[in-house]
Amino acid sequence: MSNDSRRKFLTRLGQGSLGAIALPVFGSNLTADWNSTGLDAFANNEDYWHLVKSQFQLLEGLHYFNNASLGASSTHIQQATNQFRNLLDGFPSKYMWGGWREEKEEVRQKVANLFSVTTEEIALIHNTTEGMNLIARSFDLQPGDEVILANHEHSSGRIPWEVWQETKGIKIVRPELPILPESVADLVDVYEKAITSKTKVISMCHIVNTNGMLLPVKEVSKMAHEKDILVAVDGAQTAGMFTIDLNDLGCDYYTASAHKWLFSPKGIGVFYAKKDSQKYLKPLMVARGHTDKSIRRLENYNTRNLPEVLGLGAAVDFHNTIGSKQIHQRTFELKQYFRSKIENDSRFAIKSPGLDELSAAIQVVEIRGKSVNTAKQELWDDYGIDCRPMSSHGLNALRLSFAIYITKSDIDYLVNALRKIAV
């Protein structure tokens, strides 16, 4: 894109929110309007990512590197969700029970397209925790059967198995993952050695929340299926971060909170179940319509917060407007930019694996000789930087998230602050 085109692009879009381009309703031309400016050429320019950042209205003075805990919704997504909320309150009974049936199915289609699966494999739920409970509660496992959960699983991925299955006499196997594996094979080997003739399910994170390690779902799924073992994936830290083709990953189940890397309204999640693996699942909640044989039976809540569900559609629109390919490339660009700034500084120890096959937009760094809680507090008090301290697994490290609203200048600011508080 020429300099003149860039100036016109910024004049048109940079002074207002993305929501001003098109009304936040189904069938809007949001993506077409944005792309008409020459997105593909401009997306490689840092000015473009400053424009993306401008679509998020974070608190003034806040430098937010904590997206792995909770993401922010863009202005467009907020406007769309509020519009749906206003419609609901204008005619409650119409829109709660049937008025938005087609719109809800449009959201399902958008989510299915995002993950390269069919609408009959997607349920629209509340969050990852619900999805993991749904999975762990469903199986009629018998005493002595085994479920593999590596030692970096999130509590919401571990506790459901403990409550719904371990209390029945099922054995939970907890292999230890290396903090800094050197190859994908190092991680596959851990799972392979944990499998026995009694293994029925492998439940694993796509990215662990502790140090941002990316686990080999595709390789583990292939290995597991050769032994008739089911694979369930906690995708809380990956959905929206980079391109995901669930058919290619091969797992049986995948669940994620859309309010992290997809920036949806809070309390909205997605649940994928491979068609052939749906027969094992039982709804957590039953009501009228419980005999439905489709995947929709897993989201049969009767009354629910539909504006937030439809807001997920706006979130996927926003994601597609920027472009999955561009987001994917930006994720790894920011990761490498950050690492290049500190990896040769002896005051820091990066506790996330370096290869792109092993980590992405979550990077964890220790300031040698300083308590992580002290470091986190100094970053907040002196620099307005919010991040997550991680002390489990011997990390003593700051977890830093590089979402699409993070620019390289934001990373420069972060690195400068880290150097200032380093011993």
Asp412 vs Lys341, salt bridge (Lys or Arg N to Asp or Glu O under 4.0 Å): CA-CA, chis, key distance, verdict: CA-CA 8 Å; Asp412 291 341; Lys341 294 287 184 177; 3.7 Å; yes

Carboxylate-amine/guanidinium contact [X] [Y], below 4.0 Å:
X: Glu106; Y: Lys110; value: no
X: Glu333; Y: Arg330; value: yes
X: Glu103; Y: Arg108; value: no
X: Glu105; Y: Arg101; value: no
X: Arg347; Y: Glu366; value: no
X: Glu46; Y: Lys53; value: no
X: Asp145; Y: Lys168; value: no

Ring geometry between Phe242 and His328 (parallel below 30°, tilted from 30 to 60°, perpendicular above 60°):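 The rings of His328 and Phe242 stand perpendicular, inter-plane angle above 60°.
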
Ring geometry between Phe318 and Phe56 (parallel below 30°, tilted from 30 to 60°, perpendicular above 60°):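 Plane angle over 60°, so perpendicular.
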
Residues Thr210, His152; criterion side chain to side chain donor-acceptor pair (under 3.5 Å); working and verdict: CA-CA 7 Å; Thr210 50; His152 280 258; 2.6 Å; yes

Is it the case that the side chain of [X] and the backbone of [Y] share a donor-acceptor pair, with hydrogens and angles ignored and the cut-off at 3.5 Å?
X: Asn151; Y: Leu177; result: yes
X: Ser138; Y: Lys282; result: yes
X: Asn211; Y: Ile179; result: yes
X: Arg339; Y: Gln336; result: no
X: Tyr253; Y: Gly131; result: no
X: Thr238; Y: Ile207; result: no
X: Thr374; Y: Lys370; result: no
X: Asp245; Y: Asp248; result: yes
X: Glu130; Y: Ile125; result: no
X: Thr75; Y: Gln55; result: yes

Donor on one side chain, acceptor on other, Glu121 and Thr118, under 3.5 Å: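 Result is yes, a qualifying pair exists.
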
Any side-chain donor near an acceptor of the partner, Asp252 and His225, under 3.5 Å: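 Yes, because at least one side-chain N or O of Asp252 sits under 3.5 Å from a partner of the opposite role on His225.
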
Geometric cation-pi criterion, Lys408 with Tyr337: 6.0 Å, 45°: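 Judged by the rule, Lys408 and Tyr337 form a cation-pi pair.
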
Partner of Glu308 under salt bridge (charged side-chain N to carboxylate O under 4.0 Å, His left out), chosen from Arg85, Lys104, Lys266: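 Between Glu308 and the candidates, salt bridge (charged side-chain N to carboxylate O under 4.0 Å, His left out) is satisfied uniquely by Arg85.
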
I want to check something: taking the side chain as every heavy atom from C-beta on, are [X] and [Y] in contact at a cut-off of under 4.5 Å?
X: Ile367; Y: Leu398; value: yes
X: Lys200; Y: Asp228; value: no
X: Thr331; Y: Phe402; value: no

Side chain to side chain donor-acceptor pair (under 3.5 Å) between Asn67 and Tyr405, intermediate numbers included: CA-CA 10 Å; Asn67 196 89; Tyr405 50 75; 2.8 Å; yes

Pairs involving residues 383-406, ordered by first then second residue, that meet salt bridge (Lys or Arg N to Asp or Glu O under 4.0 Å) (sequence neighbours left out):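 Matches after skipping sequence neighbours: Lys376-Asp386.
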
Neighbour count above 12 (heavy atom, 6.0 Å) for Lys293 NZ: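 Counting other residues, nucleotides and ligands, NZ of Lys293 stays at 12 neighbours or fewer.
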
Over 12 foreign heavy atoms within 6.0 Å of NZ, Lys171: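 Count not over threshold, so no.
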
Exercise: identify the closest heavy-atom pair between Ser155 and Pro160: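 Closest pair (atom of Ser155, atom of Pro160, distance): O-CD, 3.9 Å.
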
Minimum heavy-atom distance between Thr243 and Ser324, given as atom pair plus value: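 Residues Thr243 and Ser324, closest heavy atoms: OG1-O, 3.7 Å.
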
Full working for side chain to side chain donor-acceptor pair (under 3.5 Å) between Lys227 and Thr199: CA-CA 9 Å; Lys227 303 176 184 294; Thr199 304; over 6 Å; no

Intermediate values then yes/no, side chain to side chain donor-acceptor pair (under 3.5 Å), Asn373 and Ser371: CA-CA 5 Å; Asn373 290 319; Ser371 160; 4.6 Å; no

From CA spacing to verdict: side chain to side chain contact (heavy atoms under 4.5 Å, CB included), Ser352, Val364: CA-CA 6 Å; Ser352 300; Val364 176; 3.6 Å; yes

Reference residue Trp161; test side-chain contact (heavy atoms from CB on, under 4.5 Å); the match among Ile135, Ile170, Asn133: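 Of all the options given, the one that passes is Ile135.
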
Separation of Met132 CE from Leu149 CG (nearest 0.5 Å):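 One gets 7.5 Å once the value is rounded to the nearest 0.5 Å.
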
